[in-house]
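Written out below as structure tokens is the structure these notes cover.
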Amino acid sequence: GAAAAVFLLPQWMYARLRRIRITRFMTQLPDGLAMISGSMQAGASLNMALEGLVKEQPAPMSQEFELLLREQRIGVDTEDALSHMDDRIKNADFGMVITALLISREVGGNLAEVLDTLATTLRRKMAMEDKISSLTAQGKMQGIVMALLPLLLGGLLMLIEPDSMSKMFTTVP
């Protein structure tokens, strides 16, 4: 048992902490995209906007984009640095952001408007997922209560009328 715990516990903890980090990152992403979009609309370049994001946003958002900027500074191509970031995050919504950045870099266009639209879309999606999650939790709780109700009533009847309830366990139908 101890050997299994030593082998499985670190993997489980790593996966759990990774999930928590990605969830926090995705929660911060709409605000970060809006910040980048605002900076670019004010006249900043993408790299300047990313540097502002790194200074203003808390971790893990700032850490991930700081790593992106560090990779660019040491000479990694922007497309490769974005690909590395996408590999670290591994989220479909963030993949849309990476794709938008890559397409905008290759084709051109108003990246600030695209990022602002993505931020709005991600906010709405998160609000809808939260609503679905709360409704699902309500249904799960109802199921648990309904499953435990017979046990609770049986225990209550055992306390109130032990003679009558004992016949249920001692007699054969």
Side-chain angles (χ1 to χ4, degrees), residues 5-144:
V6 167
F7 181 70
L8 296 176
L9 189 64
Q11 292 176 359
W12 178 78
M13 283 298 294
Y14 174 76
R16 183 172 181 272
L17 292 174
R18 181 172 168 73
R19 243 185 346 265
I20 290 170
R21 181 178 174 84
I22 290 174
T23 302
R24 285 184 186 158
F25 180 85
M26 293 308 296
T27 303
Q28 294 173 344
L29 187 60
D31 293 332
L33 292 177
M35 187 176 192
I36 293 170
S37 173
S39 295
M40 291 180 73
Q41 287 174 351
S45 68
L46 178 60
N47 281 345
M48 289 172 49
L50 291 176
E51 287 174 6
L53 175 90
V54 167
K55 291 177 185 172
E56 297 294 325
Q57 289 289 322
M61 172 77 63
S62 62
Q63 293 171 339
E64 289 296 333
F65 279 101
E66 184 177 14
L67 189 54
L68 173 80
L69 290 172
R70 282 184 185 175
E71 285 182 353
Q72 286 180 334
R73 284 186 198 123
I74 63 170
V76 176
D77 191 38
T78 303
E79 287 84 11
D80 291 336
L82 287 171
S83 176
H84 295 159
M85 190 173 184
D86 192 25
D87 290 341
R88 285 191 306 270
I89 301 298
K90 290 184 183 172
N91 185 290
D93 295 335
F94 187 66
M96 287 190 315
V97 174
I98 297 296
T99 303
L101 289 170
L102 291 174
I103 289 173
S104 174
R105 184 166 173 79
E106 189 173 314
V107 176
N110 191 352
L111 180 60
E113 186 177 321
V114 170
L115 292 178
D116 198 35
T117 304
L118 273 172
T120 303
T121 303
L122 288 175
R123 275 194 192 99
R124 288 182 183 163
K125 183 178 184 268
M126 286 181 190
M128 185 62 66
E129 286 174 350
D130 288 346
K131 189 179 288 189
I132 290 170
S133 176
S134 68
L135 292 173
T136 308
Q138 181 181 359
K140 285 179 185 175
M141 187 54 129
Q142 286 175 347
I144 290 170

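On a predicted model such as this, the values are computed, not experimentally measured, just so you know. Scope of the values below: all heavy atoms of this structure, side chains included, with no hydrogens, waters or symmetry mates.
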Item to check | Ser39 side-chain N/O to Ala49 backbone N/O, donor-acceptor pair under 3.5 Å | outcome: no
Checklist entry - Quick one: do the Arg21 and Gln63 side chains pair a donor with an acceptor below 3.5 Å? => result yes
Item to check | side-chain hydrogen bond (donor to acceptor under 3.5 Å, both in side chains): pairs with one or both residues in residues 100-113, sequence neighbours excluded | outcome: Thr78-Arg105, Glu79-Arg105, Asn110-Glu113
Next on the checklist: Measuring only between side-chain heavy atoms, which start at C-beta, is Val114 closer than 4.5 Å to Leu101?
Outcome noted: no
Next on the checklist: Using the rule given for side chain to side chain contact (heavy atoms under 4.5 Å, CB included), can you reason through Val76 versus His84, listing the C-alpha separation, both sets of side-chain angles and the distance that settles it, and then say yes or no?
Outcome noted: CA-CA 10 Å; Val76 176; His84 295 159; 4.3 Å; yes
Next on the checklist: Taking side-chain hydrogen bond (donor to acceptor under 3.5 Å, both in side chains) as the cut-off, I'd like each qualifying pair that reaches into residues 88-98, sequence neighbours left out, listed once.
Outcome noted: Glu64-Arg88, Asp93-Lys125
Item to check | Within-4.5 Å side-chain heavy-atom neighbours: Asp116 and Leu33 | outcome: no
Item to check | Any side-chain heavy-atom pair of Phe65 and Glu51 under 4.5 Å | outcome: no
Checklist entry - Taking all non-hydrogen atoms of both residues, which atom of Ala34 and which atom of Ala119 are closest, and how far apart? => result N-CB, 4.0 Å
Checklist entry - Do you know which two heavy atoms are closest between Met96 and Leu122, and how far apart they sit? => result CE-CD2, 4.3 Å
Next on the checklist: Other residues, nucleotides and ligands only: do more than 12 of their heavy atoms fall within 6.0 Å of CZ on Arg18?
Outcome noted: yes
Checklist entry - So, does Gln28 use its side chain to make a donor-acceptor pair with the main chain of Met61 at under 3.5 Å? => result yes
Checklist entry - Of all heavy-atom pairs between Ser45 and Met40, which one has the smallest distance, and what is that distance? => result O-CG, 4.4 Å
